Q: 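One structure, pasted below without further comment.
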Amino acid sequence: MTLTKIYSMTQQYQTLVREITTPTLPTFVTSCLNLLSSSSSKKVPGGPTSLEEVVFQSFAMLVPRHTAIFRPFASQIRLAVRPFLAPTSSDDFFAASSLKDSARRLVVILHQTAAKNTSGEEWGKAVRGLVKDIHSTADHVFRAVVEDWESAAGYVGEAVDVNQDLQGGSATGDDLPLWSGIHAGVERLTGRLELVAEYLKVETAAPVAVPLGAIMDMVTRMLSIAIPSPQSSFGKSEARLHPAIDRDERDGLWVGMPQIYVAALQLVDTLSVRLDDGFLPLAQESFDQLAWVFEYGKHSPEFRLIAYVVTAKILFLVGQSFNQAQCDKLNGIYQACCQDLQEGHSSFTDATVVDVGSKPQGSQNAEAFLRSKVTIPTEHHIANPALNSAARDLLPMFLSHLPQQFLKLATRSLVDRTSILTHNKDAMLASVLNPMFANNGSALPSILPHLTREFCHDATVEILLRPRMPLVPSTATRSLVNDAVDEESEDEDMDVNTESTSVQNKSTSISAPVTQDPFAVASQPGFGSSTETPQHTLLHHSTFGTNTTMETIPSMNGNFMVGKESSGVSQAQQDQPDESMAQDDDDSDDESVHLNMELDTDSDEDDVE
């Protein structure tokens, strides 16, 4: 690993690459391959050591950085990693999962050693060849049943001799090692499916064309085999058995089918992660396959785990477009998800959960969700944190990403009750935000009281309880606002002037020469009493100190019916020449005072009359 780190750090410096990496890296690769060959030839009883894993990790780090140097060694590296890609029980060693992952990653990265601008074609060729090998392996593994599946990608199955022992593989380098027996065949098939998923996970050096049609056709075949039920209570068509195959092989196939289901669904999950929104066209097809096969694999915790993950991603993409028939297909997933959550919760020591077949009465309220009882067997329950986490993530999706009018009342009650009993805040929020209505149009009881009780200090719940509340200012802010309102009220009272109101003005009035302005307004508050200005005349405050003629406009607040004498005075004032206003400042001030006194006298005479 030290040499690997050195070779990686010298990549950015051409001088070091020329002086250190180029002369010594081929020798390093040759030495590592010799160590692998000598280790495999010794047949260590304990199986492969950590040496193989370290070498594979080192090569996987160096190949993308020095593809030209590794190109001559590509075939030898593929031969070295071949036993660890999909090991089976027929092999004489046990391979750890970390060793298998490192070997698969290395064999995927080797496509970058292809000639210039052909790495993308090499990747596509390897994936299509791997899909064909999976079909070939499935022809042998599935020989105990008569398949109804027909390839949509043009694959034609090869004839299998049912009179010979079940085996496959090859001793040459063209295929993986030999395997024999149904259990080894299932392991080889699942290992190849995991290798396809690894091809989709690992980054590529150039754009590649993913053969989605061939991959989805292969997944459909893996999920089309139905496990027979002893009670035959599923109400689904079961696989037709081949009469020439003995019972032991058929039973071995039924035992291994959940593993095949898991590997196929993991491949679908990897596709959804890699394609992201591009998985939308494949979501509906994947949902139909998952809903159909769920009844046959739900007894396996690993199957339920990956089924919950894939279902959540499908509902996120296309759940809102489901119709009644598609929502009905989720019944089995509803019940299994709620059962796993209730069994995994620490407060559940007995098997008391809901009866999804009983219909709530119309007089039920939110507390009624906790009263129904049903028995669910829990004697085989084993704590599985990953399964519980996947179920918790899926439960809110049933309420937020499905049309609620297509859900049955018993199903909605089951989901609501489970969310309350397991303290699932996201599911309870989704239930409150997506209410369900009865056939008569009335809304069913909300679980908001339970949500408030469990998460009373949560900010989201607080917003939900008190939406659009007005801002309540503090005491200091409230006093300032009240003072401002009082000042505005006083200003409005000072502007309003009536003939019957006499106002005592104790402040000094300041008058100003006026100008001709059609938009004249009353004097500013505080400069003098409103009685100093006639009701029918307003002075513009912006003309203080100007030598322009005075013009009056009718007041909006005063009385428009004025006496003739007042009108005569106003007219006489308007006819005065402009020279009278072009004097010194002192004379102008005196005239302004006399003018105001004349106006006050005229107003008083009008009042007497």
Side-chain angles (χ1 to χ4, degrees), residues 82-97 99-101 103-104 130-147 149 155 157-158 160-162 164-170 175-198 215 217-229 238-242 244-270 289-290 293-307:
R82 187 172 67 96
F84 309 104
L85 296 178
T88 65
S89 56
S90 299
D91 300 327
D92 52 357
F93 63 88
F94 171 78
S97 59
L99 176 59
K100 292 186 289 185
D101 293 340
R104 291 167 183 168
L130 183 57
V131 171
K132 185 178 179 180
D133 293 340
I134 291 175
H135 281 299
S136 178
T137 305
D139 291 338
H140 293 79
V141 175
F142 294 160
R143 69 175 189 171
V145 298
V146 179
E147 298 183 71
W149 168 83
Y155 174 77
E158 60 183 21
V160 179
D161 189 359
V162 296
Q164 296 182 356
D165 295 336
L166 181 62
Q167 60 182 3
S170 175
D175 198 358
L176 298 182
L178 290 171
W179 59 270
S180 60
I182 184 61
H183 299 291
V186 170
E187 293 172 349
R188 177 58 51 83
L189 187 59
T190 56
R192 289 185 183 274
L193 289 172
E194 292 171 354
L195 182 57
V196 175
E198 191 68 24
I215 293 176
D217 182 66
M218 174 194 63
V219 171
T220 303
R221 183 182 184 183
M222 300 298 108
L223 300 178
S224 63
I225 305 298
I227 302 176
S229 173
E238 299 178 354
R240 294 180 296 167
L241 304 180
H242 198 291
I245 305 301
D246 58 2
R247 183 175 180 178
D248 293 338
E249 183 176 338
R250 292 199 303 267
D251 293 343
L253 177 61
W254 307 143
V255 172
M257 281 307 301
Q259 303 177 28
I260 300 176
Y261 293 157
V262 171
L265 291 178
Q266 287 176 345
L267 178 57
V268 174
D269 180 55
T270 305
Q289 296 171 354
L290 172 60
V293 79
F294 187 82
E295 291 292 339
Y296 302 108
K298 65 180 182 180
H299 60 277
S300 171
E302 292 79 9
F303 174 82
R304 295 199 305 274
L305 170 61
I306 188 60

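Owing to the predicted nature of the structure, the values given are computational and were not obtained by experimental measurement.
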Q: Between Thr190 and Val186 (side chain of the first, backbone of the second, donor and acceptor by atom type, cut-off under 3.5 Å), is there such a pair?
A: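 It does hold such a pair.
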
Q: Does Ile306 reach the side chain of Tyr261, with side-chain heavy atoms less than 4.5 Å apart?
A: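 Side-chain contact under 4.5 Å: no.
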
Q: Do you know which two heavy atoms are closest between Trp179 and Gly169, and how far apart they sit?
A: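 Trp179 and Gly169 have their closest heavy atoms at NE1-N, 3.5 Å.
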
Q: Measuring from atom CG of Asp269 to atom CD of Gln266, what distance do you get when rounded to the nearest 0.5 angstrom?
A: 8.0 Å

Q: Using side-chain heavy atoms (C-beta onward) and a distance below 4.5 Å, is Gln289 in contact with Val268?
A: no

Q: What heavy-atom pair brings His242 and Arg143 nearest, and what distance separates the two atoms?
A: CB-O, 3.6 Å

Q: Check Ala244 against Val162 and note the closest heavy-atom contact, atom names and distance.
A: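 Minimum heavy-atom separation between Ala244 and Val162: CB-CG2, 3.9 Å.
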
Q: Could you check whether any side-chain heavy atom of Pro177 comes within less than 4.5 Å of a side-chain heavy atom of Thr88, counting everything from C-beta outward?
A: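 No, their side chains stay 4.5 Å or more apart.
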
Q: Taking the side chain as C-beta and beyond, is there a heavy-atom pair between Ile182 and Trp254 under 4.5 Å?
A: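 No, side chains not in contact.
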
Q: Minimum heavy-atom separation for Glu302 and Val262, please, with both atom names.
A: C-CG2, 3.9 Å

Q: Would Leu223 and Leu290 count as a side chain to side chain contact (heavy atoms under 4.5 Å, CB included) if you check the C-alpha gap in whole Å, the side-chain angles of each, and the deciding distance to 0.1 Å?
A: CA-CA 8 Å; Leu223 300 178; Leu290 172 60; 6.0 Å; no

Q: How would you list, by chain and number, every residue that makes a side-chain contact (heavy atoms from CB on, under 4.5 Å) with Val255, sequence neighbours excluded?
A: none

Q: Sequence neighbours excluded, which residues qualify as salt bridge (charged side-chain N to carboxylate O under 4.0 Å, His left out) partners of Asp248?
A: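 None.
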
Q: Are more than 12 heavy atoms, taken from residues, nucleotides or ligands other than Asp165, located less than 6.0 Å from that residue's CG atom?
A: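 Result for CG/Asp165: open.
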
Q: Could you measure the distance from the CG atom of Leu253 to the CG atom of Leu166? Nearest 0.5 Å is fine.
A: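 One gets 9.5 Å once the value is rounded to the nearest 0.5 Å.
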
Q: Would you indicate whether the side-chain heavy atoms of Pro83 and Asp91 approach each other to under 4.5 Å?
A: no

Q: Work out which heavy atom in Glu295 is nearest to a heavy atom in Lys298; give both atom names and the distance.
A: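 It is OE1-NZ, 3.1 Å.
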
Q: Please enumerate all residues that pass ring pair (Phe, Tyr, Trp, His ring centres under 6.0 Å) together with His135, with sequence neighbours excluded.
A: Trp149, Tyr155

Q: Please find the pair of heavy atoms, one from Gly297 and one from Phe303, that lie closest to each other, and give the distance.
A: O-CD2, 2.9 Å

Q: Apply the side chain to side chain contact (heavy atoms under 4.5 Å, CB included) test between Leu85 and each candidate in Lys100, Arg104, Arg188; give the one that qualifies.
A: Arg104

Q: Output all residues satisfying side-chain contact (heavy atoms from CB on, under 4.5 Å) with Ala138, sequence neighbours left out; order by chain, then residue number.
A: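 For Ala138 the side-chain contact (heavy atoms from CB on, under 4.5 Å) partners, ignoring immediate neighbours, are Phe142, Leu189, Arg221, Met222.
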
Q: Among residues at least two apart in sequence or on other chains, which ones pass side-chain contact (heavy atoms from CB on, under 4.5 Å) with Gln164?
A: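 By the side-chain contact (heavy atoms from CB on, under 4.5 Å) rule, Gln164 matches Asp161.
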
Q: Less than 4.5 Å apart, side chain to side chain, heavy atoms only: is that true for Tyr296 and Ile225?
A: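 No, side chains not in contact.
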
Q: How far does CG of Leu176 sit from CG of Leu195, to the nearest 0.5 angstrom?
A: 8.0 Å

Q: Measure from the side-chain N and O atoms of Arg250 to the backbone N and O of Ile245, and report whether any donor-acceptor pair falls under 3.5 Å.
A: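 Yes; judged by distance alone, with no hydrogens or angles, the pair exists.
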
Q: Are side-chain heavy atoms of Val146 and Leu241 found at a separation under 4.5 Å?
A: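 Of all side-chain heavy-atom pairs linking Leu241 with Val146, none is under 4.5 Å.
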
Q: Is it true that atom NE2 of His183 has more than 12 heavy atoms of other residues, nucleotides or ligands lying nearer than 6.0 Å?
A: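 Atom NE2 in His183 is not crowded, with 12 or fewer foreign heavy atoms closer than 6.0 Å.
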
Q: Does Glu187 have any salt bridge (charged side-chain N to carboxylate O under 4.0 Å, His left out) partners at least two apart in sequence or in another chain, and if so, which?
A: none

